Each structure stands twice: as structure tokens, then as C-alpha cells.
Enquirer: 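Structure provided below as C-alpha cells; questions to follow.
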Amino acid sequence: MAEAARLGRDFFAHPTLEVARALLGQRLVRLRDEYRLSGLISETEAYIGEEDQACHARAGRTPRTQIMYASPGHAYVYFTYGIHWCLNFVTEREGFPAAVLIRGIAPVEGVEVMRARRGRPDSILANGPAKLTQALDIDGRLNGLDICDPQALLFVEAAPSAPDEAVRRSPRVGMGDTPEPWRSIAWNFRWKYPQEIFPGG
DNA sequence: AGGACGATTAACT
DNA sequence: GTTAATCGTCCTG
């Protein structure tokens, strides 16, 4: 089976809500020396501009948010709660801070390695933003990576998009004291894929 | 310089 | 449902 095409910059150079929706079903791939880890993206969330009071860029350009102002197709990997790493892909255009948070994947390749890394049941191997980064060995070393670079060891491969009837939209998770309308706006996208194919989604 | 809190998770009761 | 873990980031003074 030939390697599928990596998604290029054009895929990410669109309105963030469109990119977040289009990513459902695409294959997130992490290459290591000896093996390949991958999964189909099952949940995403959009963070759009300095006005979005849930977006890290609400504070403007800072050392942390600088990468969100880069050209689309860059990885924004941030550290939170003193423990966890979360993965985003920069969208839209250079100079405008926006990104899609990857919140879940359905493991496909390297499941044994993910099991070993996570030490948890398969049903909850990678169904959370900080779970998938642990399963795929993604951390701050990958912050700022251009995932459209053909040499990159983290990228997204083209795959059939999730069908419309299986996509659900809801408010973003973990909004805490975020003011309205940002707290309740439905910028979370989830693929309700068949349980019999990928338990735990 | 100090403190509150976080785009979370897992282990409790 | 509640809470600890654990520290970078950002805001206040």
C-alpha cells in the first residue's frame, strides 16, 4: 500500500472552523526511528484570533503564542497543568493567530506502542488532547514544527473525511470562566464514528 | 516578586 | 462528584 499524500499548506490556509471540520477523519501520523504511529482524528476544537477570549492569543503576541501568528501548517504544542502537552495546527494566514486543537484520535497504527506508552485500556488510549500526545510521544520538542515540510516526523495524511451525518458540534471543553459568547459557541467538532470499528470514540 | 490559574487526567470517595 | 498532580504563563503591584 503506497503512502498517502501528506496534507499541504493549502489545507490549513482556510477559515479555522472549516479546517477543524475537515480534519475529522484525516490521519495524524508520528514517525519514529523504528515504527509509525497513527490514528484518525476524531475530535477538534477551533481557537480564533485575539478577540476569542478562550484563545491563548487573547494576550497578544507573547513568547508562547508567537507560533500562532506563523503561516498555516505549523504545530503549536503547549504545556498545561504542569503535566500535559496539547497539540494544535496553525490555520488561516500569517499574522492572524488561529489554530485547531486536536482533542482525540482513533488509533490505527502502532497500537501496541501506544499501549506500552500509556498503560491504559485501548478504549481510552488517545481520546483526549493530552492522551493522544502521550500516546504519540508529542511534546514541546515539536512546538513550531512545519508539518507541511516533507521531512517532518509529525504530519497529517489525506484520508476519507468523516461523513456529515456523523459529525456533532458543541461548545468547547474546559472553558472555565471564559465570558460569553466564547464560552458557549459551538466550536468543538466531533466524529461519532462506529463503536464497533473504534471502541472508545 | 508573588500569586492565581490553566484548551487535563487519573485516582479517589 | 471531588481533588491532587505540578509548573509555565500572565497579571498585579
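Protein chains get the first letters and strands the later ones, always in sequence-line order, with residue 1 at the start of each. Everything numeric here is computed off the predicted structure, so don't read it as measured data.
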Enquirer: I'd like to check A/E45 versus A/P129 (side-chain heavy atoms, cut-off strictly below 4.5 Å). Are they in contact?
Expert: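 In short, these two side chains do not touch, never coming nearer than 4.5 Å.
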Enquirer: Okay, side chain of A/T65, backbone of A/G60: is any donor-acceptor separation there less than 3.5 Å?
Expert: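 Judged by distance alone, yes, a pair lies under 3.5 Å.
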Enquirer: What string of B, S and - do you get for nucleotides 4-13 of chain B, 5' to 3', when a contact is any protein heavy atom under 4.0 Å?
Expert: --BBBSSS--
Enquirer: Quick one: side-chain hydrogen bond (donor to acceptor under 3.5 Å, both in side chains) partners of A/D177, sequence neighbours excluded?
Expert: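 Per chain and number, A/D177 pairs via side-chain hydrogen bond (donor to acceptor under 3.5 Å, both in side chains) with no residue.
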Enquirer: Provide the full list of ring pair (Phe, Tyr, Trp, His ring centres under 6.0 Å) pairs with a residue in residues 137-175 of chain A, sequence neighbours left out, each pair given once.
Expert: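 Listed once each, the pairs would be none.
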Enquirer: List the atom pairs, with distances to 0.1 Å, where a side-chain N or O of residues 97-110 of chain A and a protein N or O form a donor-acceptor pair under 3.5 Å, not counting sequence neighbours.
Expert:
residue : atom : partner : partner atom : Å
A/R103  : NE   : A/E43   : OE2          : 3.1
A/E109  : OE1  : A/R27   : NH1          : 2.9
A/E109  : OE1  : A/R36   : NE           : 3.0
A/E109  : OE1  : A/R36   : NH2          : 3.3
A/E109  : OE1  : A/S38   : OG           : 2.5
A/E109  : OE2  : A/R36   : NE           : 3.0

Enquirer: When you measure from every atom of DNA chain C, which of residues 179-186 of chain A have a heavy atom less than 4.0 Å away?
Expert: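 Those residues whose heavy atoms fall under 4.0 Å from DNA chain C, taken from residues 179-186 of chain A, amount to none.
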Enquirer: Between B/dC5 and C/dT3, how many Å separate the two P atoms, rounded to a whole number?
Expert: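 B/dC5 and C/dT3 have their P atoms separated by 16 Å.
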Enquirer: Kindly express the pairing pattern of DNA chain B in dot-bracket notation, using | wherever a base pairs with another strand and counting only Watson-Crick or G-U pairs under 3.5 Å.
Expert: ||||||.|||||.
Enquirer: Whether A/T62 contacts C/dC10 is assessed here as follows: a side-chain N or O lying under 4.0 Å from the phosphate OP1 or OP2. Is that the case?
Expert: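 For C/dC10, OP1/OP2 do have a side-chain N/O of A/T62 under 4.0 Å.
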Enquirer: Take atom C1' in C/dG1 and the same atom in B/dA7, then report the distance between them in whole Å.
Expert: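 Approximately 22 Å lies between the C1' atom of C/dG1 and that of B/dA7.
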Enquirer: Side-chain contact test, heavy atoms from C-beta onward, threshold under 4.5 Å: evaluate it for A/L142 versus A/L153 and give yes or no.
Expert: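 A/L142 vs A/L153: side chains apart.
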Enquirer: Using the P atoms only, state how far C/dT6 lies from B/dG2, rounded to an integer number of Å.
Expert: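 Going atom to atom, P in each nucleotide, I get 23 Å.
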Enquirer: So, A/R118 versus A/Q134: side-chain donor-acceptor pair below 3.5 Å or not?
Expert: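 Result is yes, a qualifying pair exists.
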Enquirer: Determine, step by step, whether A/V19 and A/F11 satisfy the side chain to side chain contact (heavy atoms under 4.5 Å, CB included) criterion, reporting the C-alpha distance in whole Å, the side-chain angles of both residues, the deciding distance to 0.1 Å, and the verdict.
Expert: CA-CA 7 Å; A/V19 178; A/F11 184 94; 4.1 Å; yes
Enquirer: Evaluate whether atom CD of A/Q151 has more than 12 neighbouring non-hydrogen atoms of other residues, nucleotides or ligands under 6.0 angstrom away.
Expert: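 Counting other residues, nucleotides and ligands, CD of A/Q151 stays at 12 neighbours or fewer.
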Enquirer: Between A/E112 and A/R115, does any side-chain N to carboxylate O distance fall below 4.0 Å?
Expert: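 Salt bridge: yes.
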